[in-house]
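Remarks on the structure that follows.
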There are 2 protein chains.
Amino acid sequence: MPPRKGRTALTRAELDSWRAFIETTEELRTAIEGRLQSDSGISAGDYRVLLELSEAPERRMRSSHLADAIGWERSRLSHHLGRMEKRGLIAREAAKGDNRGAEAVLTDEGRDALRRSSVPHFHAIRELFLDALTPEQLAAARDLAETLSGHLAGKRGATAP
Amino acid sequence: MPPRKGRTALTRAELDSWRAFIETTEELRTAIEGRLQSDSGISAGDYRVLLELSEAPERRMRSSHLADAIGWERSRLSHHLGRMEKRGLIAREAAKGDNRGAEAVLTDEGRDALRRSSVPHFHAIRELFLDALTPEQLAAARDLAETLSGHLAGKRGATAP
DNA sequence: CCAATGTGGTTGACATGTCAATTATAGGCG
DNA sequence: CGCCTATAATTGACATGTCAACCACATTGG
C-alpha cells in the first residue's frame, strides 16, 4: 500500500510553501492591524468586539456568547472588555436571567468609533489585499480559507472533544 | 473611463472572502504555535530565531542582521533575545569590528531545543496544513503568498521610503 | 433544605509586541 | 582634535495573549 498522508518527511517545496504562506499572512495581518491602529486608534481586537456587538439585538451580548461568536477564550475576552470599558467603548451590566453572568453593551462612543473606523479599514483591505489579487486568486483565497477552516474544525473536535 | 481600483466600496463577497481568509490564517497560526509550545516548550518567535541562527556561519549573527533576516523591529528582537538569553537558548557577545554592536550566538542548549522541536513541528505543519490541501490548493497557497508578499513590499517602499 | 458539583466570569502572573526615549559608539568635517 | 549627526542596541511604559487559580452563583441529588 502507498504511504499514508502525514507519514513522510516534508519536501523542500512543501516547507517553502508553508513558510511563504504563514509569513506572508502574518505580514498582511500586522499591516492591516497597524493601519487600523494608526487610522482610527483601535486595535483589531477592539474592532472585532465592536463589530459583533453592533450587529447584536439591542447592541448587547452575554460575555460567553460573544466569546463563542468571535472564537476567543473567555479570559482573553474578559481582559479585553476591561480595557475597552476603561476607554468607554463598551459597558458591562449584570445579565438578566443569571446573576453570574455579564453582558457587554456597545456604548454610543463605541458605535461612533466603529463607524469612524470602517471606511479607512475597508480602504486598507482593498489596498493591501483585494487590489493585489486577480478574481481567480481571490476565489482561491476563499477556497483555501474554507478548506483549512473545515480541516481545523475537524482536528479540534477530534483531539479535544 | 472605468473606476480605478481601490475606489469602490467592498462587495459582500469581497468582505466575506477577506474575513474568511484572515480569520482562518489567524486560527491556523495560533494552532501551529500552540502545538510548538506544548510539544517543545518554545514559542514561534523562539523557533524563528533559533532556526536563523542555526543556519548562520559559526551559529552567530549581528543583532541588526538577524532582525532584518526575520523581519522584526530591533526593539522586538532585543526584548526577545533577552528572554531567550535568560533561558540559556542564546548568548550575547560584543561584535568584533564595532563596539556598538552585539552578536547573538546559538548555545548548545539552543541548538538542542531546535533539534528536539523540528520533528513535532513538521508533523504539525503536515497535519494541520499540508494534509488539508490538494496539490493544486498548495500551489495556489504559494502563489497567493508570493503575490501578496510582492504587493506588500511595493506598498512598504511606496509609503515609507 | 443543603452539600457536591458545574458554570460564568474575573483575576494574577507572566510571555509577547509596539512605540518612544535613551545610551553608547562611529564617522565626517571644520 | 572636537563637535555634529547617524547608527546599534537597549530600556521603559504600556497593550495584548495565555494559562491556571479563583470567586460567585446555579443546579441537583439525597
Side-chain angles (χ1 to χ4, degrees), chain A residues 26-27 29-50 60-87 89-105 160, chain B residues 26-27 29-50 60-87 89-105 160:
Chain A
E26 174 72 0
E27 190 182 347
R29 183 181 68 86
T30 59
I32 294 272
E33 289 185 7
R35 289 284 187 101
L36 192 53
Q37 186 73 58
S38 60
D39 290 345
S40 313
I42 65 177
S43 70
D46 297 336
Y47 185 86
R48 196 74 188 75
V49 168
L50 293 174
R60 67 175 57 227
M61 273 174 102
R62 267 302 271 277
S63 271
S64 50
H65 183 189
L66 178 54
D68 287 347
I70 63 186
W72 285 7
E73 294 179 13
R74 276 179 313 173
S75 155
R76 177 179 177 185
L77 179 61
S78 183
H79 282 301
H80 207 100
L81 290 181
R83 292 187 292 263
M84 292 180 74
E85 188 177 24
K86 213 181 308 183
R87 289 190 289 148
L89 298 173
I90 59 118
R92 285 199 268 203
E93 299 177 4
K96 288 162 193 172
D98 187 335
N99 285 331
R100 288 169 302 184
E103 283 185 339
V105 191
Chain B
E26 174 72 0
E27 191 182 346
R29 182 181 69 86
T30 59
I32 294 272
E33 290 186 6
R35 288 283 187 101
L36 192 53
Q37 186 74 58
S38 60
D39 289 344
S40 313
I42 65 176
S43 70
D46 297 335
Y47 185 86
R48 196 75 187 75
V49 169
L50 293 175
R60 68 174 56 228
M61 273 175 102
R62 266 302 269 278
S63 271
S64 50
H65 183 189
L66 178 53
D68 286 348
I70 63 185
W72 287 6
E73 293 179 14
R74 277 183 309 179
S75 156
R76 177 180 176 183
L77 179 62
S78 183
H79 282 301
H80 207 100
L81 290 181
R83 292 187 293 264
M84 292 180 74
E85 188 177 26
K86 214 180 311 181
R87 290 191 288 147
L89 297 174
I90 61 118
R92 284 197 268 202
E93 298 177 5
K96 289 163 193 170
D98 187 336
N99 285 331
R100 290 168 302 182
E103 282 185 340
V105 192

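Keep in mind that the numbers below use all heavy atoms, side chains included, and drop hydrogens, waters and symmetry copies. Chain letters run A, B, ... following the sequence lines, proteins first, then strands; residues in each count from 1.
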Q: Among D:dA9, C:dG9, D:dT16, find the nucleotide with the atom closest to the side chain of A:Arg74.
A: C:dG9
Q.
Tell me the interatomic distance from A:Gln37, atom CD, to C:dG17, atom C1', rounded to whole angstroms.
A. 12 Å
Q | Salt bridge flag under 4.0 Å for residues B:Glu103 and B:Arg62 | A | no
Q) Can you tell if the side chain of B:Glu33 reaches within under 4.5 Å of the side chain of B:Ser43, non-hydrogen atoms only? A) no
Q) Does B:Asn99 make a side-chain N or O approach to OP1 or OP2 of C:dA24 shorter than 4.0 Å? A) no
Q. Looking at side-chain heavy atoms only, is the closest gap between B:Trp72 and B:Leu66 below 4.5 Å?
A. no
(Q) From C-beta outward on A:His80, which listed nucleotide comes closest to its side chain: D:dT18, C:dG9, D:dG17? (A) D:dG17
Q | Distance in angstrom units between B:Glu73 CD and C:dT18 P, rounded | A | 5 Å
Q. Does the distance from a Lys or Arg side-chain N to an Asp or Glu carboxylate O, for B:Arg83 and B:Asp46, drop under 4.0 Å?
A. no
Q: Answer yes or no: is there an ion pair linking B:Glu73 with B:Arg76, defined by an N-O contact shorter than 4.0 Å?
A: no
**Q.** Nearest-angstrom distance from the residue atom CD of A:Glu33 to C1' of D:dG17
**A.** 12 Å
Q) Which value, rounded to the nearest 0.5 Å, describes the distance between B:Arg35 atom CZ and B:Ile32 atom CD1? A) 7.5 Å
Q) Can you tell me how far P of D:dT10 sits from CD1 of B:Ile90, to the nearest Å? A) 9 Å
**Q.** D:dT10 phosphate, OP1 or OP2, under 4.0 Å from B:Arg92 side-chain N/O
**A.** yes
Q | 5'-most by nearest nucleotide on DNA chain D - A:Arg83 or B:Ala95 | A | B:Ala95
Q.
Using a 4.0 Å heavy-atom cut-off, does B:Arg87 contact any base of the nucleic acid, only the sugar-phosphate backbone, or nothing at all?
A. nothing
Q: Measure the distance from CG on A:Leu81 to P on C:dG9 and round it to the nearest whole Å.
A: 10 Å
Q: Classify the side chain of B:Ser75 versus the base of D:dT11 as yes if they form a donor-acceptor pair under 3.5 Å and no if they do not.
A: yes
**Q.** Residue whose nearest DNA chain C nucleotide is more 5′ - A:Leu77 or A:Thr30
**A.** A:Leu77
Q. Looking only at side-chain N and O atoms, does A:Arg62 come under 4.0 Å of OP1 or OP2 in C:dG9?
A. yes
**Q.** Any donor-acceptor N/O pair under 3.5 Å between C:dG12 base and A:His79 side chain
**A.** yes
Q. Taking CG from A:Asp98 and C1' from C:dT7, how many angstroms apart are they, rounded to a whole number?
A. 8 Å
(Q) Check this for me: does the side-chain of A:His65 come within 3.5 Å of the base of C:dG8 through a donor and an acceptor? (A) no
Q.
With nearest nucleotide decided by heavy atoms, which residue, B:Ser43 or A:Gly34, maps closer to the 5′ end of DNA chain C?
A. B:Ser43
Q: Round to a whole Å and report the spacing from CD of B:Glu26 to C1' of C:dG17.
A: 13 Å
Q | Nearest-Å distance for atom pair OH/P, residues B:Tyr47 and C:dT16 | A | 17 Å
Q: Would you classify A:Ser78 as touching base, sugar-phosphate or nothing, given that sugar-phosphate means primed atoms plus P, OP1 and OP2, and contacts are heavy atoms under 4.0 Å?
A: base
Q. Ignoring hydrogens and angles, does a donor from either the side chain of B:Arg100 or the base of D:dT7 sit under 3.5 Å from an acceptor on the other?
A. yes
